[in-house]
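Below you'll find the structure, written out as structure tokens, and then a few comments.
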Amino acid sequence: METASKYSPQQIENQWYDYWMKHKFFASTPDERTPYTIVIPPPNVTGVLHMGHMLNNTIQDVLIRKARLQGFNACWVPGTDHASIATEAKVVARLKEQGISKSDLSREEFLAHAWEWKNEYGGVILDQLKKLGCSCDWDRTAFTMDPNLSNSVIKVFVDLFNKGLIYRGNRMVNWDPEALTTLSDEEVIYEEKQGLLYYISYQVAGSDQRLTIATTRPETIFGDTAICVHPEDKRFTHLHGKKAIVPLCGREIPIIADAYVDMEFGTGCLKVTPAHDLNDKALGEKHNLEVIDIFNPNATLNSFGMGYEGMDRFDARKKVSKDLEAQNFLVKTEQHLNKVGTSERTKAVIEPRLSDQWFLKMETLAQPALKAVLEDEEIKLFPKKFENTYRHWMENIRDWNISRQLWWGQQIPAYYFGAGREDFVVAENIETALTLAREKSGNSSLTSQDLRQDEDALDTWFSSWLWPMSVFNGILEPDNEEINYYYPTNDLVTGPDIIFFWVARMVVAGYEFRGEKPFSNVYFTGLVRDAQRRKMSKSLGNSPDALKLIEDYGADGVRVGLLLSSAAGNDLMFDEALCQQGKNFANKIWNGFRLIQSWEVADIPQPESAKTAIEWYSALFNKTVLELEDHFSKYRISDALMATYKLLWENYSSWLLELIKPQYQQAVDRTTKTQVIALMENNLRILHPFMPFLSEDIWQQIKERSPEEALIVNHWPEVSPVDQSDLLAGFEWAKQVVSEVRTIRKEKQIAQKEVLDMFVMHPSNPLLYWTAGIEKLANLTPLQLTQSPIEGALSFRVDAYEYFIPIAGAIDLDAEIAKVTEELAYTKGFLTSVEKKLSNDRFVSNAPEAVIALEKKKQSDAIAKIETLEQSLVYLRG
RNA sequence: GGGCCCUUAGCUCAGCUGGUUCAGAGCACCUGCCUUACAAGCAGGGGGUCACUGGUUCGAACCCAGUAGGGCCCACCA
């Protein structure tokens, strides 16, 4: 059957993915083998595949496929994350399109819409991962709001509450006025923004005196409840204990003194707005100030904003500033650069807001997690530099705000039974809650109707921090077979941007709920950027369509393209040209197979050149597999791929196949064909993690295979422990000889098909290696020995060997002399430097023996070469 | 403001404990080839003051100090 000369991935990829699925090769169940487990970083259920996912999941698939070949029970658990803020925002937007407002719906109605949305659109991303070739155990696909996973979250909440680690507090939180929810500190991004610093004059009550404060937020004057000065600031001593009148609203507020104020900044007078600034809140508590919250949840002014009620905070700022100016309260404005917190999800400017929230105490929980990474090396981070980041966060950890003012997520299992601040209980279900509430209130006539569950949902990360356990139901049934078998997982592959959100918290949860790490290694990928180093983003439109890329270059091509330049932790400059390189590589392998497949076999003896070539390649393959192991053990996936790439392209295709190729239209001997197919099969084994489709396809074309014999479940090549470095070095030397002949052909414009004679001369020990191969590749008549230089011949040298190719009229004597003279001068200089080193006592006494031996070898080689060159020169000069 | 990291060829990066024969790779580039596996290819070639300045050492891309430039993380200065 004719095989196409171009590899076309499109039809092949779907075919093999279906085949693997049909035979359940991705599925894993506990057995006697050692497990190798990866849990996917669950993408947002609303997500679509982008380049970051492609990179991340390609790496996971490489690891899982390699582990599978190595005989581990490989289990890659896929799934999605309910992503409360992002998903709720999408559902709200969709309802809005339908003319429905969230506020018109009950919680149940809204959740019904959300589930409908999830079932319709959610998980598209998982189907996209299949196109990439990801060999996840799809039967295990989990969702962070699946019943078991949600119940795990509730159980953990109750458990932590009962341990006294969860508390409810009125705290200044990061409020997202767009999403109408709280954000954790980690979800706030500070951006430098050029703004104005407003100088506003306040009248001192009962006098003509005035004082001037500087603020970036004039609209918050309605919430002012004090003016603060530094107690040692001489300029303002006379104001201590007096009152000031807030412009526009005319309220009197105390003037207090506190060392918190920076005398250098602004005017040295600070307006204090306890409801809208974290520091002001602290000041307020210290000085017993009134707290006036002037905003509605959507950051419009409320009734405290008087005439500005209903106005957005930024509009109010302009209006207030204008009005202050009109009434001569505004002294001046100055340009001022300040950092503004914005929401990671909605980009809205965060409003510090006081509210009741649930918090998890982190300090003691963090201790085992810190120790596991930094002291015990139970968990290793790749690259290691992230350990510093991890340590810094863990050592300065703050309590985690785990409540969100959203419906989509696990509802906080706190039940209120009265109006008092402490009138609540926490329980896994309402029945237990009722019992507890009756006890706590002393009122045995309470019914479930009297209980009101907290409206808020838990932070999404409060469910995903359990992911490596909850996907195996290890929280609800801590002793089940699956969790005992698969946990702790092996590798986690994720981005450094979620080291705090997710990685660190999973470690915390692992030790707290299971007394064991969640994974052994964490591999941080870099960010995918475009060729101009810009972050890929939807708004820039510089992110290529992932599925289109797969269509154009094949999944294998894209995988190779992504991996080629992604050293761990380094950002990846994505360039489509890399996918083209991947596609070209696939085609190269394809044609390499096409060649051997086309050979007719005959019962003829194996040529010497083929025999030695196969021995050499086997040795090189062996060595490469060892290198691959080393790269993989350090998570240098890119280097592992490059080693495979060079082995297959440069050595297998360009050297081995050329050496064993039969003459045109002639048959190959049986031994060679059998051996090269075995070598090809080995190639496919190491290629498979990177290019699963192509490798499986060729594997199956080599011969008919039963499903159990599929490449995906075959085995990793075994490595011989025999040292074959002499064999490899010998071949490298032969390659040099061949290259030199090719260079001469090119310089002298001698066609490859023209057969040449060649002589070899060595001053002492003319041993000939690899002659058959050299003769074949350089297209030579049998190599001849000579004791003295050949007249009128072109020459070149490799080590102490000198080669002569007699070509009538081709030689330019002066040029030859110049060439040899130059080579001689260089070699002499080199020898001098080596000898200088060797005659240096301090070098000889300090350097390790191996280094000295090496220098001695350099010395003797150089001496031999100089001898050859000098002899040659004498001859050339006649 | 605090902490961490980086600077090696046109580009993207290796370079491990300081020690091979002018410092490596891939891509790009230049030259010659439509040679019967592959032009998505073959063969050959050019290209680097290892950011800069000093120091330690028999020996420095690598260790130390400083300088310049770039990046990341953390932090409540109105």
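The figures here come from the full heavy-atom set of this structure, side chains too, leaving out hydrogens, waters and symmetry mates. Residue numbers begin at 1 in each chain, while the letters A, B, ... track the order of the sequences.
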(request) Indicate, with a heavy-atom threshold strictly under 4.0 Å, whether A:N587 touches base, sugar-phosphate, or nothing. (result) base
Extract from the structure each pairing of a protein N or O with an N or O of nucleotides 42-45 of chain B at less than 3.5 Å, listing the distance.
| unit_1 | atom_1 | unit_2 | atom_2 | d |
| --- | --- | --- | --- | --- |
| B:rC42 | OP1 | A:K588 | NZ | 2.7 |
| B:rC42 | OP1 | A:W649 | NE1 | 2.7 |
| B:rG44 | OP1 | A:S739 | OG | 3.0 |
| B:rG44 | O3' | A:T743 | OG1 | 3.3 |

Nucleotide [N], atom [atom2] - distance to [atom1] of [X] in whole Å:
{"X": "A:F386", "N": "B:rG71", "atom1": "CZ", "atom2": "C1'", "answer": "12 Å"}
{"X": "A:L657", "N": "B:rC38", "atom1": "CG", "atom2": "P", "answer": "13 Å"}
{"X": "A:I750", "N": "B:rU35", "atom1": "CD1", "atom2": "C1'", "answer": "17 Å"}
{"X": "A:M573", "N": "B:rG70", "atom1": "CE", "atom2": "C1'", "answer": "12 Å"}
{"X": "A:K6", "N": "B:rG41", "atom1": "NZ", "atom2": "C1'", "answer": "9 Å"}
{"X": "A:D497", "N": "B:rG71", "atom1": "CG", "atom2": "P", "answer": "18 Å"}
{"X": "A:H631", "N": "B:rG15", "atom1": "NE2", "atom2": "C1'", "answer": "12 Å"}
{"X": "A:F524", "N": "B:rC5", "atom1": "CZ", "atom2": "C1'", "answer": "15 Å"}

(message) With side chain to side chain contact (heavy atoms under 4.5 Å, CB included) as the criterion, how do A:Y198 and A:T216 come out once you've worked through the C-alpha distance, each side chain's angles and the decisive distance to 0.1 Å?
(response) CA-CA 6 Å; A:Y198 299 80; A:T216 52; 5.7 Å; no
(request) Do nucleotides 73-78 of chain B as a string where each nucleotide becomes B, S or -: B if the base has a protein heavy atom under 4.0 Å, S if just the sugar-phosphate does, - if no protein is that close. (result) SSBBBB
Listed partners of [X] passing side chain to side chain donor-acceptor pair (under 3.5 Å), at least two apart:
{"X": "A:Y617", "value": "A:N683"}
{"X": "A:Y202", "value": "A:D224"}
{"X": "A:E395", "value": "none"}
{"X": "A:T215", "value": "none"}

(message) Please give the distance between the P atoms of B:rG71 and B:rC64 as a whole number of Å.
(response) 24 Å
(request) In whole angstrom, give me the gap between the C1' atoms of B:rC5 and B:rC77. (result) 28 Å
(request) Please work out whether the ring planes of A:F524 and A:F386 are parallel, tilted or perpendicular, with thresholds of 30° and 60°. (result) tilted
(request) Indicate the ring-plane relationship of A:F585 and A:W649, choosing parallel, tilted or perpendicular according to the 30° and 60° boundaries. (result) parallel
(message) Can you pull out every salt bridge (charged side-chain N to carboxylate O under 4.0 Å, His left out) where at least one residue sits in residues 826-837 of chain A? Sequence neighbours excluded, please.
(response) A:K828-A:E870, A:K837-A:E855
(message) By the salt bridge (charged side-chain N to carboxylate O under 4.0 Å, His left out) test, which pairs, at least two apart or in different chains, include something from residues 637-665 of chain A?
(response) A:R636-A:D639, A:E658-A:K661
Is it true that [X] and [Y] have a side-chain N and a carboxylate O under 4.0 angstrom from each other?
{"X": "A:K735", "Y": "A:E732", "result": "yes"}
{"X": "A:D861", "Y": "A:K865", "result": "no"}
{"X": "A:E387", "Y": "A:R391", "result": "no"}

(request) Tell me, with the steps shown, if A:K819 and A:E823 meet salt bridge (Lys or Arg N to Asp or Glu O under 4.0 Å). (result) CA-CA 6 Å; A:K819 197 169 102 185; A:E823 221 173 324; over 6 Å; no
Dump the pairs, protein N or O against N or O of nucleotides 24-26 of chain B, anything under 3.5 Å, distances to one decimal.
| unit_1 | atom_1 | unit_2 | atom_2 | d |
| --- | --- | --- | --- | --- |
| B:rA25 | O2' | A:K646 | NZ | 3.2 |
| B:rG26 | O2' | A:Q581 | NE2 | 2.7 |

For nucleotides 60-64 of chain B, tabulate all protein N/O to nucleotide N/O atom pairs closer than 3.5 Å, reporting atom names and distance.
none

(request) Would you jot down, in residue-number order, the residues of residues 853-864 of chain A having a non-hydrogen atom under 4.0 Å from RNA chain B? (result) A:L854, A:K858, A:D861
(request) Using Watson-Crick or G-U wobble pairs with both distances under 3.5 Å, give me RNA chain B in dot-bracket, 5' to 3', with [ ] for crossers and | for pairs to another strand. (result) (((((((..((((.....[....)))).(((((.......))))).....(((((..]....))))))))))))....
Taking the side chain as every heavy atom from C-beta outward, state whether [X] and [Y] have any atom pair closer than 4.5 Å.
{"X": "A:F222", "Y": "A:V246", "value": "no"}
{"X": "A:I589", "Y": "A:Y7", "value": "no"}
{"X": "A:T868", "Y": "A:Y801", "value": "no"}

(message) Once rounded to the nearest 0.5 Å, what's the spacing between atom CG of A:L824 and atom CD of A:E822?
(response) 11.0 Å
(request) Would you mind telling me which of A:T267, A:L330, A:T333 makes a side-chain contact (heavy atoms from CB on, under 4.5 Å) with A:Y199? (result) A:T267
